[in-house]
Amino acid sequence: DPERLLALTTYGVLSTFDHGGRWDWICSESVGYDADLEDPVGVVMADGSIAVGVFDGLSVSASDACDWSYQGGELQNRNFVDVVREADPSAAVALSSNGVGVSEFAVNLWESSDNAQTWAKLPTSGLPVDFLAVTLGLPLSDSKRLYLSGRDGTGDMDVEGVLYRSDDRGQNWSRFPVPFSVPGTNDQLLPYIAGVDPIDPDSLYVAVIGSKPDGTTYFGLQHSGDAG
């Protein structure tokens, strides 16, 4: 539905059914996130259902957005950092990334083909345990291609911003360092996938956003035309 738009904010969710003519506000408490601490991510599915990723799980509501509930089973109590819709508007992939130890993370991908009602795990065993994932990218023209961005390594300044790419829906992963204009990377300077070309799956944009060691803010946008 091209008239349906969703805006995720730190003070709640804004929803419109008439391309922005009128907006409804959905408070963050009903969705299930702390507006003072979280920047939620989410998508609108083909039937109008909404899936929103937050610290405590994946929160899903029907099109009226009146009743929200966390997905159960293996999706419970996971930090969902990104949710992206696929070329089929009833399908989506969600990314969870949880700390499980010192410089160790559990990164998982979940796919749904029924408007976010049920979810199944995709393979991520090829990713290193020290990889902290922050964003997900899906080319609309290639359902097998997956991109993840984040950082890996240990120590405050020994980590590196990276892009991981799978060409077989998560079975295998290739690692690509993300070049920076600022030397060194830590948890305050991370690469985020800004967009993947809907026609060319090898073309994507990565934004580097965060604070430099001197306390100033840094933003850089980089493009890759060869899949990383």
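The residues of the chain are indexed from 1 along the displayed sequence.
- Asp226 places none of its side-chain heavy atoms less than 4.5 Å from the side chain of Asp202.
- You'll find the side chain of Leu8 reaches within 4.5 Å of the side chain of Val52, heavy atoms only.
- The pair Asp168-Arg145 fails the salt-bridge criterion, with no side-chain N (NZ, NE, NH1 or NH2) lying under 4.0 Å from an Asp/Glu carboxylate O.
- Closest approach of Phe105 to Phe131, counting heavy atoms only: CB-O, 3.3 Å.
- Residues Asp82 and Thr135 come closest through the heavy atom pair OD2-CA, 3.5 Å.
- Atoms CG and CG, from Leu109 and Leu146 in turn, are 6.0 Å apart once rounded to the nearest 0.5 Å.
- The side-chain tip of Arg4 points at the ring of Phe17 from less than 6.0 angstrom away and within 45° of straight on.
- Side-chain N/O atoms of Asp67 and Ser69 include no donor and acceptor closer than 3.5 Å.
- Salt-bridge annotation for Glu86 and Arg169: present, with a side-chain N of the basic residue lying under 4.0 Å from a carboxylate O of the acidic one.
- Remark: the backbone N or O of Thr118 is not paired with any side-chain donor or acceptor of Trp110 at under 3.5 angstrom.
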**Message:** Using the rule given for side chain to side chain contact (heavy atoms under 4.5 Å, CB included), can you reason through Val60 versus Gln117, listing the C-alpha separation, both sets of side-chain angles and the distance that settles it, and then say yes or no?
**Reply:** CA-CA 8 Å; Val60 176; Gln117 298 309 300; 4.2 Å; yes
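- For the pair Ser166 (side chain) and Asn172 (backbone), a donor-acceptor distance under 3.5 Å is present.
- Within a 6.0 Å radius of NE2 in His19, other residues, nucleotides and ligands contribute 12 heavy atoms or fewer.
- Val41 and Val134 end up in different hydrophobic clusters when Ile, Leu, Val, Met, Phe, Trp and Tyr side chains are linked at under 4.5 Å.
- Two residues are said to be in side-chain contact when any heavy atoms from C-beta on lie closer than 4.5 Å; Val206 and Tyr147 fail this criterion.
- In this model, a donor atom of one side chain and an acceptor atom of the other lie less than 3.5 Å apart for Asp152 and Tyr164.
- Annotation: salt bridge (charged side-chain N to carboxylate O under 4.0 Å, His left out) contacts of Asp142 (sequence neighbours excluded): none.
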Could you pull out every donor-acceptor pair under 3.5 Å between side chains of residues 71-80 and any protein atom, sequence neighbours left out?
from: Glu74; atom 1: OE2; to: Lys121; atom 2: NZ; distance (Å): 3.3
from: Arg78; atom 1: NE; to: Glu74; atom 2: O; distance (Å): 2.5
from: Asn79; atom 1: ND2; to: Ser97; atom 2: O; distance (Å): 3.4

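- If you check the side chains of Trp23 and Ser15, you find no donor sitting under 3.5 Å from an acceptor.
- Within the 3.5 Å criterion, the main-chain N or O of Asp200 finds no donor-acceptor partner in the side chain of Ser203.
- Residues Leu6 and Val13 have side chains in contact (heavy-atom distance under 4.5 Å, counting atoms from C-beta outward).
- No side-chain heavy atom of Ser141 sits less than 4.5 Å from a side-chain heavy atom of Ile199.
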